[in-house]
Amino acid sequence: METTRGKFHGIVLPRSELADDRHVVLKLATGYNVGIAAANILALREVGFQEHTYHIPEKEFPTDPAKPNVTLLGTGGTIASRLDYRSGAVIPAFEPGELYGAVPELAGICNLKTIKLYGEFSENIGPEHWIGTAQAIKQEIENGVDGIVIGHGTDTMHYTAAALSFMVQDSPVPIVLVGSQRSSDRPSSDAALNLIHATYAAAKGPIAEVMVCMFGPTSNVYGLLHRGVRVRKMHSSYRSAFRTLSDVPLAKIEGDTVTPIKKDWRPRRNDRKVRVDTRFEERVSILYYYPNMQPDILESLIDNGYKGIVIAGTGLGHVNRPLYPALEKARDAGVPMFMTVQTLWGFTQMYVYDTGRDIMERGVIPLANMLPEVAYVKLGWALGQTNDLEEVKRIMLSRVSDEFTDREPPNGYLVLQGGLPEMEKNLNRSWR
Amino acid sequence: MPILDYEALGFRAGLEIHYQLLTDQKLFCRCPAGQYSTDFDIEILRHMRPTLSELGEYDGTALMEFKTRKEVIYQIRNDLVCTYEMDDTPPFPPDPRAVDIALEVALLLGCSIVGEIHITRKQYLDGSIPTGFQRTALVGVEGRVPLGNKEIPIIQVGFEEDSCREVRDEGHRITFRTDRLGMPLVEVVTHPEMRTPQEVAEVGRRIGQILQITGKVRRGLGSVRQDVNVSINGAPRVEIKGVPRIPAFERLTHNEALRQKGLLEIKEHLERRGIAKDKVVVQSAPMPVDIMGHPVLEKCQAEGKSVWAVRVEGFAEVLAWPLQETLNGDAVPFLREIAGRIRVIACLDEPPILFCREAADPRNPGEVNSKAWEVAADMTGADPPDALMIIWGPEPDLQTAVQEIKIRCQEATEEIPRDTRQALDDGTTDFERVLAGPDRMYPDTDLPLLPVEEAHVAQLEAALPEPPWKQETRYLAWGLPPDVIEVLTSSTRGALLDKIVNRTGASPLLVGTVLVHDWKALARKGGNPVSLSDDRWGELFQAHQNRRFGREAIPHLLEKISGPSDVTLDEILESSCLVPMTEDALQQIVDEVIGTHGNDPMHNPTAENRIRRLMGIVMKRAGGGRNGREVRKVVEQRWKEPGPGGAAESTSRNG
């Protein structure tokens with residue numbers, strides 16, 4: 001390629017569709033890619049053409065009748081992956097053979113079956129996918145599987161974990177959601193270790209609940225199992241982004257050992273009975289309160305036919321006075337409203353201040369220490385079952401899992417989730 | 001250095017030179033650059049796994065590193081490292097200043113500048129970068145650097161982030177310090193067109209000059225990393241990493257040529273003996289520990305580790321085959337090839353790594369008693385033509401070691417492995433890792449592509465410093481001495497000299513000498529010549545041109561003006577009695593000096609000596625307010641004239 005800026009030799013690569021149309025991409029002999037401005041190209045000489053298909057080395061996943069059977073349900077996200085030239089993006093690898101090629105350790109844990117349910121980034125996951133996933137879980141449990149792993153993008157993993165916690169109850173086997181904060185095309189990815197931990201928890205772990213399994217510390221040391229209704233993504237990029245809020249995590253998993261941290265968990269059973277109720281009302285919303293919020297925001301939800309509203313209020317569960325007429329309008333329109341706290345940690349307590357009493361007077365029901373996102377999912381699930389407001393209220397205030405707790409232990413408010421050696425050392429130093 | 005016929009051997013070498021850029025911040029985050037510390041706040045632990053390249057292949061190095069199963073520890077200081085370097089936050093856009101410096105270097109080297117910068121990930125699974133890859137990008141290709149009457153072609157110029165500093169590497173645990181991690185580097189890669197070790201050193205020096213002339217690279221140990229690749233006819237490219245100083249290139253590349261020559265001879269030797277790849281027999285057996293009496297083995301026994309004897313059939317001569325030569329003239333045998341693999345891949349790194357019946361390595365001296373060799377031979381059935389070794393460590397690592405011994409011996413029958421080798425102080429090299437190929441490169445999907453606009457390149461091009469080889473020609477024509485030219489053309493001081501000469505009309509020889517010798521003297525006295533602005537230098541030489549002081553006053557003035565910057569040159573001149581001195585005032589001083597010192601006793605009172613002595617005293621009194629030639633003229637005049645000093649003169653002459 002002869003250009004006004006000199007000569008270039010290389011392989012012309014397909015260019016990402018999202019990049020500008022003024023450059024050509026060349027891969028040079030040294031492996032580097034560079035862009036050449038199309039306008040500067042004086043002459044081109046084609047010396048060959050090669051179509052390339054790329055694949056992850058695939059090996060047949062070995063089966064061993066003595067090992068437990070695990071089904072991996074794929075919704076998206078990248079556990080193992082390859083790169084796509086066109087978009088420059090990462091394509092997930094998913095077949096057991098591909099996974100075995102990338103994470104051979106899995107074969108030492110279980111017999112693996114994979115079902116690709118969806119291929120969505122987590123921001124595109126919603127009620128439709130929750131329902132489909134819950135149904136697939138039911139099917140697999142009835143087929144006799146010993147544990148289920150769900151590969152999921154991390155951004156909304158805690159919403160899906162909450163949805164599955166309500167839709168799938170009394171599972172006899174572990175249901176473990178897993179993802180990665182560093183995509184698996186990187187040598188330092190957390191994907192492989194997360195997948196190994198999750199598969200182990202699903203295949204052999206004692207706890208039969210809907211859980212999220214992600215890194216405990218940022219170090220490659222151990223993973224934490226979080227209860228699906230108390231977990232939240234608390235950092236946009238840290239490996240240790242997932243934390244249990246207002247409580248301690250369910251368990252720690254290191255190597256092939258699951259060590260429960262909490263005492264009250266549902267043990268694995270030998271039967272294959274599970275209750276699944278996937279009815280869901282999509283017209284629910286979360287209203288995140290901010291100072292000087294005007295009533296028109298709330299009114300537009302009512303006018304647009306929303307069937308239920310979760311408010312994330314300030315402090316113990318408050319909104320400002322100008323919102324009161326809109327609260328009354330919602331109450332009169334039969335739209336149930338529930339209060340959660342935007343502090344995320346701690347309980348609502350709407351008797352402490354008059355404001356709280358005024359708001360409750362207008363029909364808002366406090367939800368103790370239920371996380372706003374969990375409350376949103378639970379409200380959709382409750383409204384899916386009934387339109388009767390009393391019944392909706394009853395469901396919301398009946399505990400299915402730990403969506404609200406009786407008490408908050410002092411170690412429930414450890415943003416760093418305690419026990420992380422590198423962080424404790426960090427705190428001791430920073431604050432001495 | 002011993003002589004080799006490099007031309008007949010087909011010696012070819014290429015260089016990869018990295019310099020840290022003089023920026024305030026790191027390349028892909030906003031952490032401070034250039035701050036080092038041995039102290040740390042936290043340690044984190046990671047592992048590295050190989051991933052697939054864009055073309056769906058695993059890279060050879062990547063697989064090798066995976067075999068080592070290392071735990072990687074990073075020592076982190078909260079104020080020097082952020083979540084980006086820890087690989088817990090995606091990158092921020094590259095520092096535009098660093099990108100511009102790389103473009104400037106590429107332009108200086110006459111490269112074709114790319115139209116769009118693509119950040120690429122270069123995999124490093126040794127743990128030296130927490131992400132497992134280095135973010136790197138090309139800004140130019142196909143440049144050239146002059147070497148005598150030929151040109152060495154440049155493959156590419158790019159920028160990339162620096163890696164961690166290794167603290168220690170013991171067994172399966174390697175520890176890194178992260179202060180340096182993420183600092184911007186510029187990388188210059190030449191084609192393998194150097195044909196002698198001397199050329200390698202010369203080109204290394206040249207490229208260093210070009211980088212330093214920008215004034216935008218860091219200097220000193222640790223800020224420069226130099227790699228050299230060497231091949232001879234029939235051998236693949238072998239890379240030597242981390243050459244600390246330019247002169248070391250000569251011995252290292254010579255030794256590498258010697259090593260490759262030896263390896264080719266070994267291959268022929270094995271062919272003659274009928275030992276093909278599939279005929280390499282390696283056999284191992286556990287050894288009783290108590291008979292050998294070497295402290296390393298005693299420790300092994302205490303720690304419950306195993307000791308194995310390993311026999312390689314028919315390899316006795318090969319293990320002892322000399323391949324390199326240390327600065328002391330000691331031969332380094334093929335044994336080191338094996339020890340290197342065991343040390344790095346099997347992580348059995350306790351010196352002396354292994355014992356060998358047939359050979360010893362000056363790097364890892366140590367031996368066991370003859371009884372041990374008898375037992376080892378018994379257990380493995382080794383005959384005299386066989387190579388016999390003893391290794392020790394945890395069993396899984398010993399298995400890896402035996403595998404590696406076999407792999408390396410098989411390679412000896414086929415071809416020279418494409419190693420990356422580490423440079424040692426004694427002028428030899430040792431195995432570092434398998435040379436990485438282009439397979440370890442893949443695009444970074446975290447950052448957008450960065451267009452390089454025509455107008456921006458034109459702007460950078462217009463501001464380029466003159467290349468050192470052009471400066472050199474000019475300075476030679478001006479009659480500047482070689483030692484002065486050397487310094488001027490490998491720093492920004494050449495450009496400074498040109499600026500001063502253009503602005504003030506001062507003599508290049510004077511300015512050059514001051515910028516090199518007086519500069520050095522000032523620095524030695526603890527002064528800071530770097531802190532002087534171009535304007536300050538201009539002011540100084542302008543004042544000298546205006547005859548406000550003589551050459552002799554410059555060192556003193558430099559000391560003064562490199563102090564607090566709010567003091568003007570005029571104020572300094574006044575306080576140093578360097579205000580312009582009238583002819584009358586000078587004559588008065590001269591007369592006074594002749595009066596008081598004209599008849600001081602002298603050892604050898606010739607007229608010339610007398611004048612010089614008086615001049616020295618006058619110059620001190622006048623504080624440099626007039627230059628030496630003018631003072632001499634007045635002293636000569638007044639001393640010869642009859643006057644207050646006349647008598648003294650005669651006394652002196654008679655005395």
Side-chain angles (χ1 to χ4, degrees), chain A residues 3 5-8 16 19-20 22-25 27-40 52-57 81-83 85 88-90 102-103 181-189 192-193 217-221 235-240 421-423 425-426 429-430, chain B residues 41-56 58 62 71 76 78 83 86-90 111-118 120-125 129-133 136-138 140-142 155-156 158 189 437-443 445 448-449 451-452 454 457:
Chain A
T3 78
R5 283 179 179 175
K7 284 185 184 168
F8 295 88
S16 161
D20 70 47
R22 300 185 294 122
H23 296 88
V24 176
V25 184
K27 186 171 203 68
L28 306 180
T30 48
Y32 278 90
N33 290 5
V34 298
I36 307 296
N40 291 352
H52 204 89
T53 50
Y54 27 25
H55 60 279
I56 288 173
S81 56
R82 63 183 186 219
L83 280 159
Y85 276 136
V90 171
V103 191
Q181 283 287 83
R182 295 281 86 75
S183 62
S184 52
D185 59 312
R186 301 159 178 249
S188 64
S189 172
L193 191 55
T218 181
S219 289
N220 288 30
V221 181
H235 197 281
S236 64
S237 56
Y238 246 102
R239 285 165 170 73
S240 49
E422 92 271 8
M423 280 306 170
K425 206 171 159 196
N426 199 359
R429 269 192 85 103
S430 311
Chain B
D41 297 316
I42 58 168
E43 281 186 320
I44 62 172
L45 182 154
R46 298 274 169 77
H47 301 111
M48 296 291 160
R49 253 173 196 273
T51 64
L52 298 162
S53 83
E54 207 177 3
L55 299 172
Y58 281 114
E71 283 194 342
I76 291 170
N78 288 316
T83 50
M86 287 167 65
D87 191 33
D88 266 323
T89 286
C111 288
S112 305
I113 303 296
V114 304
E116 194 179 52
I117 294 169
H118 289 228
T120 302
R121 299 176 182 174
K122 191 193 283 181
Q123 276 204 6
Y124 280 97
L125 276 90
I129 304 188
T131 42
F133 54 78
T136 168
L138 285 195
V141 301
E142 298 306 328
I155 297 180
Q156 63 191 42
V189 185
D439 279 348
R440 65 171 176 160
M441 311 285 298
Y442 59 118
T445 43
L449 309 174
V452 182
E454 294 292 329
V457 176

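In what follows, chains are A, B, ... by sequence order, proteins preceding strands, each numbered from 1. Everything numeric here is computed off the predicted structure, so don't read it as measured data.
Atoms CG and CD1, from B/D87 and B/I129 in turn, are 10.5 Å apart once rounded to the nearest 0.5 Å. Residue B/I113 holds its CD1 atom at 10.5 Å from CD1 of A/I36, rounded to the nearest 0.5 Å.
For B/E71, no part lies under 4.5 angstrom from a heavy atom of chain A. Both the backbone and the side chain of B/L138 have a heavy atom closer than 4.5 Å to some heavy atom of chain A. B/T89 touches chain A through backbone and side chain together, each having a heavy atom under 4.5 Å away. For B/V452, the parts lying near chain A are the backbone and the side chain together; criterion is any non-hydrogen pair under 4.5 Å.
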Quiz item: Does the side chain to side chain contact (heavy atoms under 4.5 Å, CB included) test come out yes or no for A/V25 and B/H118, once each step is laid out?
Solution: CA-CA 9 Å; A/V25 184; B/H118 289 228; 3.7 Å; yes
Exercise. Before giving the answer on side-chain hydrogen bond (donor to acceptor under 3.5 Å, both in side chains), spell out for A/R239 and A/S219 the whole-Å C-alpha distance, their side-chain angles and the decisive distance to 0.1 Å.
Key: CA-CA 8 Å; A/R239 285 165 170 73; A/S219 289; over 6 Å; no
Quiz item: Could you go step by step and tell me if A/R5 and B/V114 meet the side chain to side chain contact (heavy atoms under 4.5 Å, CB included) rule?
Solution: CA-CA 7 Å; A/R5 283 179 179 175; B/V114 304; 5.9 Å; no
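Interface check for chain A: of the options B/V189, B/T131, B/L449, B/V457, the most heavy-atom pairs under 4.5 Å are formed by B/T131. Chosen from B/I117, B/T83, B/T136, the residue pairing most often with chain A at heavy-atom distances under 4.5 Å is B/T136. Contact count versus chain B (heavy atoms, under 4.5 Å) is highest, among A/G6, A/G35, A/A37, for A/G35.
Of the candidates B/V141, B/I155, B/T120, B/T120 is the only one forming a side-chain contact (heavy atoms from CB on, under 4.5 Å) with A/Y32.
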